[in-house]
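Remarks on the structure that follows.
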2 protein chains.
Amino acid sequence: MTQASRRDSPVTRDEVVDTALRLIEDHDVTALTMRRLAAELGVAVTSIYWHVGNRDALLDLLVERLLADMGDVRPAGRTPRARITSLLRQWRQRLWDRPHLIAVAHERGQTAAMFQPLQAALSAELRTVGLLGREAANAIRVLQVHVVSSVVMARAAERGPDTNPTDPSVWATSGGDEDLVAALAEPLDYDEVFTMGVDALLDKLVPAS
Amino acid sequence: MTQASRRDSPVTRDEVVDTALRLIEDHDVTALTMRRLAAELGVAVTSIYWHVGNRDALLDLLVERLLADMGDVRPAGRTPRARITSLLRQWRQRLWDRPHLIAVAHERGQTAAMFQPLQAALSAELRTVGLLGREAANAIRVLQVHVVSSVVMARAAERGPDTNPTDPSVWATSGGDEDLVAALAEPLDYDEVFTMGVDALLDKLVPAS
DNA sequence: ACCTGAACACCGTTCAAGT
DNA sequence: ACCTGAACACCGTTCAAGT
């Protein structure tokens with residue numbers, strides 16, 4: 001836990017935020033306690049309150065920093081469809097990379113703000129294929145929904161307790177499709193599911209060129 | 001907070017679980033503290049430990065009960081496609097109705113177990129339209145992912161702070177599609193987004209009859 | 001400007017003791 | 001079988017006091 005000893009230089013606000021960020025990303029939100037943070041920084045608990053106000057305000061600062069990071073968007077590809085796909089992939093990766101911090105943003109009602117840059121980029125692409133207004137707005141939400149859930153599901157699958165391999169009573173209605181049961185029990189390539197979904201959605205949403 | 005006074009009859013394990021459930025559904029997980037639970041029941045904190053072990057074990061009991069509830073599945077409709085849609089709608093409603101408890105199940109890695117009944121029901125329907133094995137498994141996951149995220153997003157939109165109406169710098173690239181920006185700022189009919197997504201996915205996944 | 005310890009009201013949990 | 005209070009190690013936060 002890197003219990004830093006008493007220090008000579010003053011702590012800075014940025015240093016507090018950095019350390020808090022590290023605690024969260026290395027473990028999860030519950031690892032961020034004011035007392036532990038203080039210990040990491042080699043300072044008394046109460047000193048932190050001088051720099052950031054309180055725990056809630058500190059979390060706000062972390063989310064603020066996350067939102068700034070999410071503002072950097074760069075679609076790649078020649079066709080609009082390729083660029084849309086690349087945007088969705090990029091966002092999916094981001095959600096995957098920083099689960100704990102994103103959970104914090106979500107808890108604090110900042111999910112919408114977090115996705116605004118993606119929405120703006122998508123709207124630009126959809127515009128080039130003739131999708132505007134309400135139609136474009138709905139398309140954007142459907143795609144966004146798909147990205148989020150693909151990550152949520154993949155994460156859940158990763159943490160779940162082996163998806164109780166075969167509970168016969170539950171599967172009774174499947175009519176004995178053993179291949180299916182086996183396929184669902186497999187660790188699975190969630191990337192394939194994601195891509196399938198994106199293709200299906202784009203086929204429907206984006207007018208053929 | 002219904003601070004029950006000291007009681008004469010013994011507490012039962014079910015009573016503990018019921019009260020815990022109420023605390024969580026009325027507020028959220030953080031509202032479930034052992035001390036508060038004890039106060040509600042009119043008993044000493046330590047008494048609860050006798051009945052359920054500890055807080056973690058209590059949460060397990062709650063999740064167990066949720067999973068039992070989720071086992072009841074009844075698709076409605078004449079065509080397979082209608083039944084699939086009804087299944088997805090039913091599941092969406094369930095997720096919407098019990099957000100706190102479902103969050104608990106998710107935290108405890110029970111998401112996969114929670115969805116197993118849906119998966120079984122979907123696989124039965126897909127079978128009747130000729131989708132089997134790995135193909136069916138992927139379809140099931142795509143659909144499941146869609147249901148989950150549609151709820152997650154709708155909930156996020158509901159809680160978000162008005163989706164900062166218009167931040168010009170972010171929207172600069174949208175090329176001035178004001179209808180779109182307005183549509184995205186609207187509270188929005190997430191039901192429409194959900195339906196759009198389901199239709200798009202089914203068009204792609206389910207072979208035309 | 002920056003840090004400190006003491007104090008308060010909360011947690012979950014264990015344990016020995018009661019009936 | 002069921003409940004109790006005391007005790008411990010944790011929380012976040014406020015405040016008066018130090019330099």
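Convention: sequence-line order gives letters A, B, ...; per-chain numbering from 1. Just so it is clear, the values below take in all heavy atoms, side chains as well, and ignore hydrogens, waters and symmetry mates.
Considering only residues two or more places apart in sequence or on other chains, A:Asp26 meets the salt bridge (charged side-chain N to carboxylate O under 4.0 Å, His left out) condition with none of them. Every residue two or more places apart in sequence or in another chain was checked for a salt bridge (charged side-chain N to carboxylate O under 4.0 Å, His left out) with B:Arg94, and none qualifies. A:Thr12 pairs by the side-chain hydrogen bond (donor to acceptor under 3.5 Å, both in side chains) definition with nothing, not counting sequence neighbours.
For the pair A:Met34 CE and D:dT13 C1', the computed distance is 9 Å after rounding to whole Å. Between the CZ atom of A:Arg55 and the C1' atom of C:dC11 there is a distance of 13 Å, given to the nearest Å. For the pair A:Ile48 CD1 and C:dC3 P, the computed distance is 10 Å after rounding to whole Å. Distance, B:Asn54 CG to C:dC11 P: 17 Å, rounded to whole Å. Rounded to whole Å, the distance from OH on B:Tyr49 to C1' on C:dA17 is 19 Å.
A salt bridge links A:Glu15 to A:Arg7: at least one charged side-chain nitrogen sits closer than 4.0 Å to a carboxylate oxygen. The existence of a salt bridge linking B:Glu192 and A:Arg141 is excluded, since no basic side-chain nitrogen approaches an acidic carboxylate oxygen closer than 4.0 Å. We find that B:Lys204 and B:Asp199 are not joined by a salt bridge, their nearest charged nitrogen and carboxylate oxygen being 4.0 Å or further apart. With salt bridges taken as basic N to acidic carboxylate O contacts below 4.0 Å, none links B:Asp60 and B:Arg65.
For B:His146 (side chain) and A:His146 (main-chain N/O), no donor-acceptor pair under 3.5 Å exists by modelled atom type.
Listed in residue order, the members of residues 8-16 of chain B having a heavy atom less than 4.0 Å from DNA chain C come to none.
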Could you go through nucleotides 5-9 of chain C and list every protein N or O atom that sits under 3.5 Å from one of its N or O atoms, giving the distance for each pair?
from	atom 1	to	atom 2	distance (Å)
C:dG5	O6	A:Thr46	OG1	3.1

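Here, C:dC2 and D:dA17 have their C1' atoms 13 Å apart, quoted to the whole Å. Annotation: D:dC10 and C:dA9 have their C1' atoms spaced 13 Å apart (nearest Å).
Between B:His51 and D:dC3, a side-chain N or O to OP1/OP2 separation shorter than 4.0 Å is present.
Side-chain polar atoms of B:Thr195 and B:Arg89 form a donor-acceptor pair below 3.5 angstrom.
Paired regions of DNA chain C, where each region holds three or more successive Watson-Crick or G-U pairs whose two hydrogen-bonding distances fall under 3.5 Å, are C:4-8 with D:12-16, C:12-16 with D:4-8.
Residue A:Glu25 comes nearest to A:His100 through the heavy atom pair O-CD2, 3.6 Å, listed as atom of the first residue, atom of the second, then distance.
Residue contacts shown for A:Leu37 are absent, as no nucleic acid heavy atom lies under 4.0 Å away.
Ranking D:dC2, C:dC3, D:dT13 by closeness to the B:Trp50 side chain, first place goes to D:dC2.
How far CZ of B:Arg55 is from OG1 of B:Thr33: 8.0 Å, rounded to the nearest 0.5 Å.
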